[in-house]
Amino acid sequence: MNLFSRSLPIILLVAAALSRQSLIKAGQADSAAGSVAPLAHNEMSGVFSYECDDACLMPGALVPAGKFAVVSPVGKQTVPMIKQAPRLDTLSGKTIAVVGGSFMANITHPEIKRLILANYPTAKVILLNEIGSAGPYPGPGITREAKDEFQKRLKEMGVQAVISGNGGCGLCTPKETGSSIAAEYIGIPAVTVAAPNFVNQVYSTAVNHGVPAPRAATYPGAFSAHTPEELVRNTREVVWPQIVAALTKPITETELAERRKAGVGDPKDRVFAGTIEGVNRYFIEQRWSDGLPIIPPTVDRVEAFLKYTDQPWDAVVGVLPIAYRKTLVWQVAVNGVMAGCPPEFMPILISYTKALADGNYRRTLASTHAWTPYCWINGPLARQLGFDAQQGEINEPRNAALSRFINLAMMNLGGYYIKQDRMGSFGYLMPWSLAEDEAACLKIGWQPYHVQKGFQLNQSTLTAASALMWGNNLTPASHDGKKIMEMMAWDAVEKGQFATGSGPRLPDRTMLVTEYVARDLARTYPTKEKLEAALVATARRPAYERAYANYWANPGSAFPARYTMDMHVKKVIRDEGGELTAPPPWMAKVPGQEKIYTVPVMKMGMTPILVTGDADRNKVQTMPGGNSATIAIELPANWDELMAKLGYRPLKEFFLNQEMPKGE
């Protein structure tokens, strides 16, 4: 692919930013000349309007230059519906919280309070400054202190109804709806006030969070476009009767059925429209972005990805824990757009999403020890699409774009959030992506990884894995295959699960080996399996050292004083395969200690060995981590035709046809 194609996502971001600057300058110049109104002030930006008006969210509506109408990257929650409390029989004598501060609430909310007390003199009204609000309601498995505190105060203050508003933009509507959802979850009837085009957002937000029949009161128009007199009049004449009905009218089966439709919604619905800055701000606010710039996921861009799969756009790829979101092919494509991937990556993105559903792969990803997800690709597709397997591979643009997708998929498809269920004590590295150099494998007589796993040589696969570290390479300074193996075994002992190898003694590891180191190893170990068997036999550590690490740096809890270190040494020898062996080859031979108790730190079948990286450097990289999942990459029937239009050579030109080496 040419440089322009590889740089297109960056070009789009820069162009959009320049467009925004041009709009600002033009607006300032025209305003100074008196030809147009000044740039809009609003509650979100203070100066520049990052959003279109409500009309931009309508299907098919034209969007002004420099702004983007975007879709959601998140699948629908499969959250069980709560049983809502009965609505109130009257507002008389009730304690009612009127909360929220968006879109002219400083005018509408005092009027709502006045109307309550005028019509129900025995009622009590509590405003935002007295009780606060919940903010956006958290998804399954996510905790949010503001929500918990709001619910606590509702109970403490004896609140019996909640009125929240005003929903007049893509950012504020979920936020104000969050207070209503929080109230309904603890049995308090609630209603959210919103402008017409945001009422469905109120409904879908609440239904997706488990409220089967959310209530809304529709304000007639755009809040900020109305004068104070219009705001008061519309609140009194239009909104107030709806509020009373919402809090007192019983929920019907018809209403439940209608709201379910809102909750299902259409993944193609526009959820926000605005500048590239506005889109990025909105996605960060919704926790749909990792904070780095994204490509705005417009419908047209997403649909471009769908050409590269035979699956329908609404096919379910999986219901992905931990948020248990139903993830469609559509949402996979949305996240691919955001990450800056080219559309032809779509089959690979689907494969990673399937891997994310694998419990063995996923198990470690929330740990405080910060397992970082990554992947590698085997087969001709990696070569056709230009994934790098040489020096600096994880930083090459194509590899890096896939890595960015993994980071976004963790959030938007899997529901993993920092400080909520990705609990790395010091955070996480950005994911990375590799490819195995299969031509080098065949040259030295080793099988590529996917062939070891039972796939055909010219099938393409993605393997998802996780690692506790990156870098800190071994540099073998010998052509002796056995000595290289011994150094790799020592490296494996040093790089166990957690520092000092204090965790489980048999972790999964992935070993990256550059081509000529692999060549030297292959002269002694003609298959990867024979090399792994030699590593397993050699990678042993003194039982006392293992016990010391596990006793004084136990990743669970400290041992009680009555359970001594000497007792733990005996337990390790007994339970962890301790045997009297010669000391490992890297240890000094001490007279009288020709045999010591050692324990194994490797097991067959737990160490993928990949030939990859800078062929001109003698390197091995050992990465302890979690389990892996290998997924076949499925291409559409017209793949070659599609790729020819993009200027790619046919897939078969990237096949490897040498006679396959035999595995063990």
Side-chain angles (χ1 to χ4, degrees), residues 347-348 351 374-394 396 398-399 433-463 465 474 476 479-482 484-485 488 509-535 604-605 607-623 628 630-633 635 639-640 643 648-664:
I348 296 174
S351 293
Y374 71 99
C375 74
W376 67 84
I377 305 175
N378 283 97
L381 185 63
R383 297 183 287 278
Q384 184 187 37
L385 291 178
F387 281 91
D388 197 75
Q390 301 300 318
Q391 190 274 330
E393 57 188 306
I394 71 169
E396 282 293 314
R398 297 222 144 197
N399 299 50
S433 301
L434 309 161
E436 186 167 23
D437 187 345
E438 293 161 19
C441 283
L442 298 181
K443 190 189 305 182
I444 65 175
W446 281 359
Q447 291 182 337
Y449 178 77
H450 68 309
V451 176
Q452 290 181 278
K453 298 291 286 184
F455 293 92
Q456 297 299 310
L457 175 63
N458 289 313
Q459 279 185 277
S460 294
T461 64
L462 177 143
T463 300
L474 171 70
H479 300 294
D480 184 328
K482 183 178 180 183
I484 298 172
M485 181 278 297
M488 292 172 66
R509 294 176 180 84
T510 300
M511 289 185 166
L512 311 181
V513 185
T514 57
E515 179 180 350
Y516 291 106
V517 174
R519 179 203 63 183
D520 293 339
L521 284 164
R523 290 169 178 159
T524 306
Y525 308 102
T527 67
K528 289 181 181 178
E529 290 84 356
K530 287 187 175 179
L531 172 59
E532 186 182 11
L535 289 167
M604 284 298 294
T607 308
I609 298 169
L610 308 179
V611 180
T612 191
D614 186 355
D616 294 329
R617 194 69 169 93
N618 53 321
K619 289 292 187 76
V620 176
Q621 178 162 294
T622 299
M623 299 184 296
S628 60
T630 300
I631 308 293
I633 300 172
L635 302 177
W639 179 255
D640 282 339
M643 298 303 281
Y648 287 90
R649 291 154 49 203
L651 185 65
K652 283 191 176 180
E653 292 190 19
F654 298 91
F655 281 14
L656 297 176
N657 298 311
Q658 289 179 246
E659 183 178 347
M660 277 299 307
K662 298 186 184 303
E664 293 297 307

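Count residues from 1 along the sequence.
When atom types are taken as modelled, the side chain of Thr612 and the backbone of Ala435 share a donor-acceptor pair closer than 3.5 angstrom. Trp446 places no side-chain N or O within 3.5 Å of a backbone atom of Ala440 that could act as its donor or acceptor partner. Distance alone, capped at 3.5 Å, is enough to place a donor-acceptor pair between the Asp640 side chain and the Leu651 backbone. In terms of modelled atom types and a separation under 3.5 Å, the side chain of Arg398 and the main chain of Gly386 share no donor-acceptor contact. With Gln384 contributing its side chain and Arg649 its backbone, the two residues share a donor-acceptor pair below 3.5 Å.
The side-chain heavy atoms of Pro476 and Val620, taken from C-beta on, include a pair separated by under 4.5 Å. Leu531 places a side-chain heavy atom less than 4.5 Å from the side chain of Met485. Looking at Met511 and Leu535, their side chains come closer than 4.5 Å, going by heavy atoms from C-beta outward.
Look at Glu436 and Lys528 and you find a salt bridge, because one of the NZ, NE, NH1 or NH2 atoms lies within 4.0 Å of a carboxylate O, short of that distance.
Atom OH of Tyr648 and atom CH2 of Trp639 lie 7.5 Å apart (nearest 0.5 Å). Atom-to-atom distance recorded for Leu434:CG and Glu393:CD is 4.5 Å, nearest 0.5 angstrom. A distance of 4.5 Å separates CZ of Arg383 from CD of Glu438, quoted to the nearest 0.5 Å. For the atom pair CD1 (Ile394) and CG (Asn399), the distance works out to 8.5 Å, reported to the nearest 0.5 Å. Taking CE of Met488 as the reference point, atom CD1 of Ile609 lies at 5.5 Å (rounded to 0.5 Å). Put simply, NZ on Lys443 and CG on Leu656 are 11.5 Å apart, with the number rounded to the nearest 0.5 Å.
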Could you walk me through whether Thr510 and Leu610 pass the side-chain contact (heavy atoms from CB on, under 4.5 Å) test, one step at a time? CA-CA 8 Å; Thr510 300; Leu610 308 179; 4.1 Å; yes
Evaluate the criterion side-chain contact (heavy atoms from CB on, under 4.5 Å) for residue pair Met623 and Gln621; output intermediate values, then yes/no. CA-CA 6 Å; Met623 299 184 296; Gln621 178 162 294; 3.5 Å; yes
What's the verdict on side-chain hydrogen bond (donor to acceptor under 3.5 Å, both in side chains) for Asp616 and Gln391, showing C-alpha distance, side-chain angles and the deciding distance? CA-CA 8 Å; Asp616 294 329; Gln391 190 274 330; over 6 Å; no
Please walk me through it: do Ile348 and Leu385 pass side-chain contact (heavy atoms from CB on, under 4.5 Å)? CA-CA 10 Å; Ile348 296 174; Leu385 291 178; 3.6 Å; yes
Worked check of side-chain contact (heavy atoms from CB on, under 4.5 Å) between Asp614 and Lys619: CA-CA 8 Å; Asp614 186 355; Lys619 289 292 187 76; over 6 Å; no
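Scanning both residues, Thr514 and Gly613, for their nearest heavy atoms gives CG2-C, 4.2 Å. Among all heavy-atom pairs drawn from Tyr525 and Gly481, the shortest one is CE1-O, 3.6 Å. Heavy atoms only, all atoms of each residue included: Ile444 and Ala522 are closest at O-CB, 3.7 Å.
Under the side-chain contact (heavy atoms from CB on, under 4.5 Å) criterion, Thr463 pairs with Trp376, Tyr449, Ser628, Thr630, sequence neighbours left out. The side-chain hydrogen bond (donor to acceptor under 3.5 Å, both in side chains) check on Asp388 picks up nothing, with sequence neighbours excluded. With sequence neighbours left out, the side-chain hydrogen bond (donor to acceptor under 3.5 Å, both in side chains) criterion links Arg617 to no other residue. Under the rule for a ring-ring contact (aromatic ring centres under 6.0 Å, His included), the partners of Phe387 that lie at least two apart in sequence or sit in another chain are Phe345. Remark: Glu532 engages no residue in a side-chain hydrogen bond (donor to acceptor under 3.5 Å, both in side chains) (not counting sequence neighbours). Judged as a side-chain hydrogen bond (donor to acceptor under 3.5 Å, both in side chains), and not counting sequence neighbours, the contacts of Asp437 are Gln390.
A side-chain contact (heavy atoms from CB on, under 4.5 Å) with Leu442 is found for one member of Leu457, Asn657, Val451 and no other, namely Leu457. For the side-chain contact (heavy atoms from CB on, under 4.5 Å) test with His450, the passing option among Ile633, Thr461, Leu462 is Thr461; the others fail.
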